[in-house]
Amino acid sequence: MSTTSELPSVALRIAALDALIEGEEREAAILAALEDAQPAVRERAIRLAARHLEPAVLGELVADDANAVRRNSAIAALERQGPYALPQLQVMLRLDDLDVVMFALQVLARIGDPAPTAAILPLLRHPDLNVAQSAIEALGQLRSREAVPALLELLQGELWLQLAAIDALGAIGDARAVGPLVDLVPDSVVAEPALEALQRLAAPEALEPLLGRLLIVRERSLLDPLLLAVGVVIDLHPDPAPAAARLRQELALGYGESLAPYLDEVLNGTAASGDLLRAAAALAVVAGLEALLPLVLHRIADPYGAVWAEALFRQHPEALRASLDRFLDDPDARVRRGALLAAVFGPDDLPALLELLGDPEPPVRAAACRALGSTGAEAVAPLLAERLRSGEPVEQAAAVQALALLPPAALGELEPCMAPGAAEEVTIRALEVLAVRPQPPFEARILELAGSRSTPLRLAALRAVAQIGGSRAEVILVRALADRSRPVQLEALQLLVRRGGERTAVTLSALLSAGDSLRYHVIRALGHLRARGAVGKLRTLYPECGPHERLEIVSALIRIAPPDLAGFLRARLEEPETELRRIAAGGLAELADPAQLPLLLELSEDPDWNVRNEAARGLGLLGLPACRPPLLTLVRDVEPVVARTARQALDALPAVALPA
Amino acid sequence: MSRFEAAEWKLLTDLIQERFGLTFDGVRCEILESRLEPRLRELHLRSLRDYYQFLRFHPERDAELGRLAPLITNNETYFFREAHHFDILVRRIVPDLRAALRTRALRILSAACSSGEEPYSIVIALQNAGLELAGVRWEIDACDLNPERVAQARQGLYDAGSLRACDGEARRRYFRETGGRFELRERHRTGVRFFEANLLAPNGSFGWGSYDAIFCRNMLIYFGDEAFDGVIGLFARSLAPGGYLLLGHSESLLDRATELLPVSFGTGVVYRKRPSG
């Protein structure tokens with residue numbers, strides 16, 4: 001280990017490492033830096049070792065147990081070499097040094113490539129329990145289905161191997177493990193890990209037996225993981241209702257009397273984890289445990305629970321049906337609101353919903369607005385329009401959403417909101433409805449409001465204008481590009497892009513001649529419109545504009561993809577500005593054109609990390625066998641982002657068998 | 001899980017490191033993403049790469065870098081945060097300097113002081129220890145990267161959140177309530193000088209230099225190894241022989257080679273530059 005007091009600073013040592021050119025001197029410097037006292041220097045050395053040292057050299061360092069710091073660095077470097085190191089790691093599996101075998105197994109697990117599975121399988125029966133355990137863990141992390149039969153046999157073995165096998169089976173996720181794992185619950189010392197594994201497995205086959213266990217388990221320490229497993233299985237089950245209904249029947253017959261109080265405690269408690277709470281809610285809803293449903297409805301009022309709790313009821317609408325009237329009449333406003341937001345309503349429910357429009361609590365009234373909208377009944381439009389005009393803010397927002405759900409004919413009720421003299425806030429709300437549901441009778445008024453002096457009103461009107469067909473609306477949107485307010489300009493531009501069409505592209509192309517600050521956004525918009533007609537103008541403009549616009553022109557042309565794009569991008573690679581080269585390399589990568597392979601190979605050795613990253617991406621998109629060797633180099637890149645991209649690209653290539 | 005790609009994260013975070021010396025990875029990237037999303041929407045940009053290019057090349061890039069600074073710096077602070085440090089200052093550090101302080105002022109640096117809660121807490125702690133009455137003077141340099149924060153610090157006007165560790169008595173004694181906010185009383189601003197500074201600026205140095213104590217708490221967690229070492233080197237140069245460095249509870253020099261030595265005062269570990277001779 002080197003001492004630090006006399007050494008140059010960390011930055012200088014790292015710079016010196018980077019500056020070393022190829023040869024023995026570099027290798028020696030990297031080897032020395034792998035045991036540097038400073039983590040930052042070691043990290044740099046690990047990156048360089050992954051790139052420049054052969055796996056066999058690193059393997060020797062792993063075998064050297066006299067220098068733990070350097071060994072750990074070598075292990076990290078082998079891991080970063082990824083698939084490139086696999087043959088050497090397989091060799092290490094056969095060595096007599098059991099520590100080396102275990103390290104090799106751990107590195108293989110972290111690399112995550114399934115190719116060496118066959119070499120690992122025999123180690124499951126290794127006489128050394130530590131090696132066997134490492135092999136089990138590795139196969140679990142590699143999600144090796146071939147290992148499942150052997151792992152199931154290990155469930156009857158030595159405790160540590162049993163624990164490792166349970167964990168591995170959970171990670172692999174093969175349904176063959178369900179029965180043997182459920183058999184370990186509740187009467188074995190490994191019941192809890194078995195439940196955790198079943199939770200990870202989330203196999204539908206596990207639901208029925210797990211629900212059966214819920215009726216007999218009483219210990220809280222086991223109930224929590226059991227409920228968590230049930231929750232996950234319900235979430236991913238295509239039809240959990242029949243099994244859950246059987247649970248309800250068993251409860252009605254008096255079995256599992258401690259389950260309902262336990263679920264009640266979880267749903268009421270603040271101590272329960274979010275996952276446990278969701279699991280209890282899912283079980284209560286799917287099994288239709290009526291006494292517990294109000295507690296789930298409470299959660300809809302909770303900012304953290306609203307989304308999942310509402311979604312749960314929407315997924316299982318039958319849960320609320322039987323007692324809906326009672327929930328809508330509940331003295332607790334959270335229950336009334338929750339039921340209004342979560343239930344499915346039809347025309348028969350209108351009387352009950354209209355009554356709730358007079359609820360003393362504004363959030364309940366707002367929820368009633370939303371429920372009324374969901375019925376799609378034209379008759380409710382006047383009431384919703386009235387709420388939009390004079391309700392509390394929360395009711396106004398809900399009325400906007402609800403009105404947008406009604407048939408177009410019902411929206412004539414918005415007339416007073418759109419009339420001159422209506423409060424600006426009310427008109428803006430009405431415009432929000434019309435931006436979702438365009439209405440021809442209001443078109444003239446909307447076009448007029450687009451010229452309003454108020455910026456918020458102009459913005460809202462423009463959004464509604466974008467829904468109107470024809471040239472007049474387009475002219476208004478184009479004029480808004482010169483609005484005195486920058487947010488209005490940019491909104492108009494976005495609306496034009498969303499509207500699309502050749503005419504918009506022609507209009508925007510014409511704006512390229514104006515050298516104002518909007519041009520940057522216009523260039524971007526033309527790219528998003530994929531405006532072929534603008535290609536000539538963009539290319540003519542390119543030499544005349546500043547770097548920020550040049551970058552956007554290159555990006556826009558990549559999106560538009562004109563026929564001669566490759567030539568244009570190749571020319572950009574010759575430019576001095578790094579960022580332009582990067583964008584051009586990205587464009588060439590996206591072409592996924594085999595003709596660009598020689599260039600991508602060249603770019604894979606570029607000094608700039610981002611260019612190499614784009615080359616790695618491009619080689620992956622090409623997916624040719626010839627891409628494997630350069631990717632095996634890039635996977636060891638000193639820049640982790642590049643190495644990750646190369647690894648993803650390699651994983652997407654057809655698998656290649658490792659030599660035995 | 002970020003919606004942005006690793007490469008665009010690297011472009012942006014490298015730029016942030018280059019300009020501000022701050023590193024972002026893991027959870028800190030998630031925080032950064034949540035802070036940047038609204039800004040990207042305002043600029044009508046879709047990706048971090050767009051934003052990176054804006055910051056590098058757009059004619060309005062300088063203004064945008066100014067807007068970025070408050071988004072990436074941790075402004076979370078309050079009066080008397082980690083109060084044991086003020087105790088160490090008045091009970092352990094100042095008594096050793098009593099002789100020297102007859103002829104000169106106590107010199108303190110509050111680095112990354114945000115909106116001023118830390119340096120003002122130091123003033124109050126020194127006053128409460130009776131040092132002002134005993135004739136001890138002090139000069140507190142307080143700096144931050146973010147000009148808006150420095151302006152707020154000079155103003156000395158705070159929301160209730162900054163006073164979360166103050167009881168009713170402390171609120172009344174040190175602040176004057178005005179329009180639902182709290183204005184620090186003038187007498188508790190004695191001897192504090194605020195200025196903008198980037199701790200990572202090359203050849204960085206501070207106002208009077210030669211500090212008896214430097215407070216830099218909960219900022220180094222944002223620094224990568226190189227920047228961390230650079231700032232610690234700067235502090236070591238800026239401390240007087242025997243001066244102390246006080247870091248936040250999750251920051252430590254114990255696994256680093258520096259000339260600052262750990263000293264345990266029971267209530268916490270601080271770091272000390274070797275005394276001369």
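Note that the structure is a prediction, hence the values are computed from the model and not measured. Lettering follows sequence order; numbering is per chain, from 1.
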*So what's closer than 4.5 Å to chain A heavy atoms on B:R49: side chain, backbone, both or neither?*
side chain
_Among the listed options A:I14, A:N613, A:L551, the residue most often paired with chain B at heavy-atom distances under 4.5 Å_ = A:L551
*asked:* Distance alone, cut at 3.5 Å: any donor-acceptor contact between the side chains of A:R524 and B:H44?
replied: no
*Answer yes or no: is there an ion pair linking A:R582 with B:E8, defined by an N-O contact shorter than 4.0 Å?*
no
_Contact leader toward chain A among B:F54, B:Y52, B:F228, where contacts are heavy-atom pairs under 4.5 Å_ = B:Y52
*Output the distance between atom CZ (B:R41) and atom CG (A:L490), rounded to the nearest 0.5 Å.*
14.5 Å
*Just how far is it from atom NE2 of A:H548 to atom CG of B:L55, taken to the nearest 0.5 Å?*
13.5 Å
_Could you check whether atom CD of B:E196 has more than 12 heavy atoms from other residues, nucleotides or ligands sitting under 6.0 Å from it?_
yes
*Where does B:L43 contact chain A at under 4.5 Å (heavy atoms): side chain, backbone, both or neither?*
backbone
_Taking CZ in B:R274 as the centre, count heavy atoms belonging to other residues, nucleotides or ligands within less than 6.0 Å. Is the count above 12?_
no
_B:E42, part contacting chain A, at a heavy-atom distance under 4.5 Å_ = backbone
*Taking B:F57 as the fixed residue, which of A:E549, A:E577, A:E552, A:R550 is the one that meets the side chain to side chain contact (heavy atoms under 4.5 Å, CB included) rule?*
A:E577
*With the threshold set at 4.0 Å, does a side-chain nitrogen-carboxylate oxygen contact exist between A:R617 and B:E5?*
no
*Ring centroid separation for A:Y520 and B:H58, is it under 6.0 angstrom?*
yes
*asked:* Let me confirm one number: the CH2-CG distance from A:W609 to B:L11, rounded to the nearest 0.5 Å.
replied: 4.0 Å
*With rounding to the nearest 0.5 Å, note down the distance linking CG in A:N610 to NZ in B:K10.*
9.0 Å
